[in-house]
Amino acid sequence: MGRGAYEHNYTQLNLPELTRAGVDAAPVEIALPPALAGSGPITAEIYCADNLALLEAAAGRWSGRFQLLYLDPPFGSGKVYAARVAGERGRQAQAVDAYRDDQGFDAYLAWLAARLAAARDLLTESGSLYVHLDWHAVHYVKVELDRIFGRDRFLNEIIWCYHGPSPIRTAFKRKHDNILVYTRSKRYFFDADAVRVPYDASTVKTFASSSKAGFGKTPDLERGKVPEDWWYFPVVARVHSERVGYDTQKPEALLERIVKASSRPADLVGDLFAGSGTTGVVAARLGRNSVLVDRNPVAIEKSLLRLARLNPAPAVRMWRYIDQQSRSDQ
Ligand SMILES: C[S@@+](CC[C@H](N)C(=O)[O-])C[C@H]1O[C@@H](n2cnc3c(N)ncnc32)[C@H](O)[C@@H]1O
C-alpha cells in the first residue's frame with residue numbers, strides 16, 4: 001500500500017493566524033472554529049511558540065502544576081525533518097520543512113539544558129519528567145539532568161526498541177531510543193498497577209510445572225508484572241492508522257504507558273516539543289488535561305486535527321506567541 005493511502009490524515013488547515021507576521025508582546029489567543037474546539041470536560045491548551053520564551057512569559061502561572069512532562073526534543077542528529085501536508089486539489093501529499101536539528105552539538109546541548117532547567121520548575125512535588133533522546137546526546141543530557149534534578153532523582157532509563165530498515169553495514173543497526181526519567185522529589189507518583197502486563201508464556205509454563213521454579217518466590221501470575229525498563233513498540237511507520245505525516249511522530253502505545261504510570265485522571269500533562277500532538281491525544285483519551293507547545297505551525301495544525309477527531313474531543317484552546325528572538329531566527 002503506498003503512502004497515498006493515508007493522506008486523509010495529512011489534511012492542511014492553513015490557519016493564517018499561526019503564520020501572521022510580527023512579534024507578540026504576550027501570548028495571543030486564536031479563536032477556533034467550533035469543529036476544532038471540542039467541548040470537554042477534558043481540556044487541551046495548544047501554544048505555537050518557542051517553549052523557553054513561552055515559559056518565561058507564563059512563568060508564575062505554570063510553576064508546580066504539571067504532574068507529568070514528556071519532552072521529545074530534537075535529538076542533536078544534525079538533520080532537517082519534514083512533514084507531509086495535503087497537495088492542492090486532491091493531489092498527492094507534499095513535503096514541507098517541519099523543524100531543523102542542525103545547530104551544532106555544543107549549541108544544541110546548551111539550548112536543551114536551558115529548557116530542561118525551566119521544565120523542572122513546572123512539576124508538582126510528586127511529578128515526573130520523561131526526556132526522549134537517542135545515542136546522539138543521551139549521555140550528555142543524563143549528566144545535565146543529574147545536575148538539574150540531583151543524581152538521586154533519576155528514576156529510570158527506558159530503552160524503547162523497535163524494528164526498521166537501515167542502510168548501516170559497518171555497525172549493529174541502531175534501533176532503540178533512550179527515555180530518561182527524573183522525579184521532582186522522593187514522594188513521586190507512580191501507578192505500577194496501571195501498567196502491569198502479562199507474564200511471558202515461558203514464565204507461566206515454568207511455574208505451572210514447578211512451584212519451586214522461582215527460588216522460593218512465586219509471582220502473582222494473575223495480576224501480571226510491572227514492565228521492565230526496556231519496551232518494544234512498533235514505530236509509527238508500521239502503525240498505519242496513526243500516521244499523520246510528521247517525521248519523528250511517536251507511537252501512542254509508548255505514550256499510553258508513560259501517561260498511565262506517571263499521572264492520574266484529571267491531572268495536567270505537558271509536552272513542550274509536541275510535534276503532531278501524540279501526548280495530547282493520549283492524555284485526552286485517558287482523561288488527563290494537557291498543555292502542548294511547538295514552534296512549528298504545521299505541528300500545531302496536526303495536533304488540532306488529531307484532537308478534534310477524538311470522541312469525545314477535549315475542549316481545545318490555542319495561542320500563538322512569536323517573541324522577538326524567534327522572529328529573528330526565522
Ligand atoms: C521530535 S519532534 C516531536 C514529535 C512528537 N513527539 C510527536 O509524536 O509527533 C520535536 C518537535 O520539537 C519542536 N521544537 C523544536 N524546537 C522547539 C522550540 N524551541 N520550542 C517549541 N518546539 C520546538 C519541533 O518543531 C518538533 O515538532
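The structure presented is a predicted model; accordingly, all values stated were derived computationally and were not measured.
No close placement of the Tyr199 and Phe207 rings is indicated, their centers lying 6.0 Å or farther apart. Side-chain rings of Phe172 and Trp135 stay apart, their centers remaining 6.0 Å or farther from each other. Proximity of the aromatic rings of Phe75 and His132 is defined here by a centroid distance below 6.0 angstrom, and this criterion is met. Between Tyr70 and Tyr130, the gap from one ring centroid to the other reaches at least 6.0 Å. Ring centroid separation for the pair Trp319 and Tyr321 does not come in under the 6.0 Å cut-off.
Arg288 places a side-chain N or O within 3.5 Å of a backbone atom of Leu286 that can act as its donor or acceptor partner. Between the side chain of Asp50 and the backbone N or O of Ser326, no donor-acceptor pair lies under 3.5 Å. A donor-acceptor pair under 3.5 Å links the side-chain atoms of Glu301 to the main chain of Leu15, judged by distance alone. Of the possible polar contacts, none joining the Glu252 side chain to the Thr279 backbone as a donor-acceptor pair under 3.5 Å is found. Checked by atom type and distance alone, the side chain of Arg306 never pairs as donor or acceptor with a backbone atom of Val281 at under 3.5 Å. Listed for the Asp271 side chain is no donor-acceptor partner under 3.5 Å among the backbone atoms of Leu71. Remark: side-chain polar atoms of Lys302 are paired, donor with acceptor, to backbone N or O of Val244 under 3.5 angstrom. Under a 3.5 Å cut-off, the side chain of Asn289 and the backbone N or O of Leu268 do not form any donor-acceptor pair. Under the 3.5 Å distance criterion, the side-chain polar atoms of Arg115 are matched with a main-chain donor or acceptor of Trp111. A donor-acceptor pair under 3.5 Å is absent between the side-chain atoms of Tyr140 and the main chain of Asp106, judged by distance alone.
No option in His176, Lys250, Lys175 other than Lys250 meets the side-chain contact (heavy atoms from CB on, under 4.5 Å) test with Trp160.
Considering every non-hydrogen atom in both Ser303 and Gly275, the closest pair reads OG-O, 3.1 Å. The minimum heavy-atom distance linking Leu133 with Pro73 is given by the pair CD2-CG, 4.0 Å. Nearest heavy atom pair, residue Leu55 against residue Ala118, reads CD1-CB, 3.7 Å. Contact detail for Ala137 and Leu109: the closest heavy-atom pair is CB-CD2, 4.4 Å. Closest heavy-atom contact between Leu310 and Ala284: CD1-CB, 3.8 Å. Smallest separation of non-hydrogen atoms from Ala83 and Val298: CB-CG1, 3.8 Å.
Inter-residue side-chain proximity for Pro74 and Phe273 is flagged as met; some heavy-atom pair is nearer than 4.5 Å. Side-chain contact between Asp24 and Asp323: absent, with no pair of heavy atoms (C-beta onward) separated by less than 4.5 Å. By the 4.5 Å heavy-atom criterion applied to side chains, Asn296 and Asp97 are not counted as neighbours. Using a 4.5 Å heavy-atom threshold, the side chains of Pro314 and Thr43 count as separate. Here the side chains of Tyr47 and Val291 are in contact, with some heavy-atom distance below 4.5 Å. Side-chain contact between Ile158 and Asn178: absent, with no pair of heavy atoms (C-beta onward) separated by less than 4.5 Å. The side-chain heavy atoms of His163 and Arg238, taken from C-beta on, include a pair separated by under 4.5 Å.
In summary, Asp191 and Lys260 do not engage in a salt bridge, as defined by a charged side-chain N under 4.0 Å from a carboxylate O. With salt bridges taken as basic N to acidic carboxylate O contacts below 4.0 Å, one links Glu125 and Arg187. Between Glu157 and Lys142 there is no salt bridge, since none of the side-chain N atoms of the basic residue sits less than 4.0 Å from a carboxylate O of the acidic one. Remark: Lys225 does not engage Asp220 in a salt bridge, criterion side-chain N to carboxylate O under 4.0 Å.
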Quiz item: Is there a side-chain hydrogen bond (donor to acceptor under 3.5 Å, both in side chains) between Arg153 and Thr183 once you walk through the steps?
Solution: CA-CA 5 Å; Arg153 299 280 40 91; Thr183 63; 3.2 Å; yes
Quiz item: Going through the checks in order, is the side-chain contact (heavy atoms from CB on, under 4.5 Å) test met by Val269 and Leu69?
Solution: CA-CA 6 Å; Val269 170; Leu69 286 172; over 6 Å; no
Practice problem: Any chance you could lay out the side-chain contact (heavy atoms from CB on, under 4.5 Å) test for Val239 and Glu242, step after step, and finish with the verdict? | Solution: CA-CA 6 Å; Val239 189; Glu242 288 184 25; 3.5 Å; yes
Quiz prompt | Intermediate values then yes/no, side-chain hydrogen bond (donor to acceptor under 3.5 Å, both in side chains), Thr124 and Gln67 | solution = CA-CA 5 Å; Thr124 63; Gln67 186 59 40; 3.1 Å; yes
Practice problem: Show your reasoning for whether side-chain contact (heavy atoms from CB on, under 4.5 Å) applies to Arg147 and Val143. | Solution: CA-CA 6 Å; Arg147 200 184 58 72; Val143 173; 6.0 Å; no
Self-check item: Test side-chain hydrogen bond (donor to acceptor under 3.5 Å, both in side chains) applied to Tyr108 and His136, step by step
Solution: CA-CA 11 Å; Tyr108 163 80; His136 289 92; over 6 Å; no
Practice problem: Could you please spell out the steps behind the side-chain contact (heavy atoms from CB on, under 4.5 Å) verdict for Leu68 and Asp267? | Solution: CA-CA 8 Å; Leu68 166 64; Asp267 276 345; over 6 Å; no
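Of the inter-residue distances, the one linking Leu116 atom CG with Leu180 atom CG reads 9.5 Å to the nearest 0.5 angstrom. If you take SG on Cys161 and OH on Tyr232, they are separated by 9.0 Å, rounding to the nearest 0.5 Å. Atoms CE and CG, from Met318 and Leu32 in turn, are 4.5 Å apart once rounded to the nearest 0.5 Å. Considering CG of Asn51 and CG of Leu292, their distance stands at 12.5 Å, rounded to 0.5 Å. Taking CG from Asp101 and OG from Ser77, the interatomic distance works out to 3.5 Å, rounded to the nearest 0.5 Å.
The aromatic rings of Tyr99 and Tyr246 sit parallel, their planes meeting at an angle under 30°, below the 60° perpendicular limit. Relative ring orientation between Trp231 and Phe233 is described as perpendicular, the plane-to-plane angle rising above 60° on a 0-90° scale split at 30° and 60°.
Heavy atoms of other residues, nucleotides or ligands lying less than 6.0 angstrom from CD of Glu228 number more than 12. Heavy atoms of other residues, nucleotides or ligands lying less than 6.0 angstrom from OH of Tyr81 number more than 12. In this structure, Lys79 places its NZ atom where only 12 or fewer heavy-atom neighbours from other residues, nucleotides or ligands lie under 6.0 Å away. Around atom CZ of Arg20, more than 12 heavy atoms belonging to other residues, nucleotides or ligands sit under 6.0 Å away.
In this structure, Leu54 is a member of the same hydrophobic cluster as Leu129, with clusters built from ILVMFWY side-chain heavy atoms closer than 4.5 Å. Taking hydrophobic clusters as Ile, Leu, Val, Met, Phe, Trp and Tyr residues chained together by side-chain heavy-atom distances below 4.5 Å, Phe154 shares a cluster with Leu123.
Phe149 does not carry Arg184 over the face of its six-membered ring by the limits of under 6.0 Å from the centre and within 45° of the normal.
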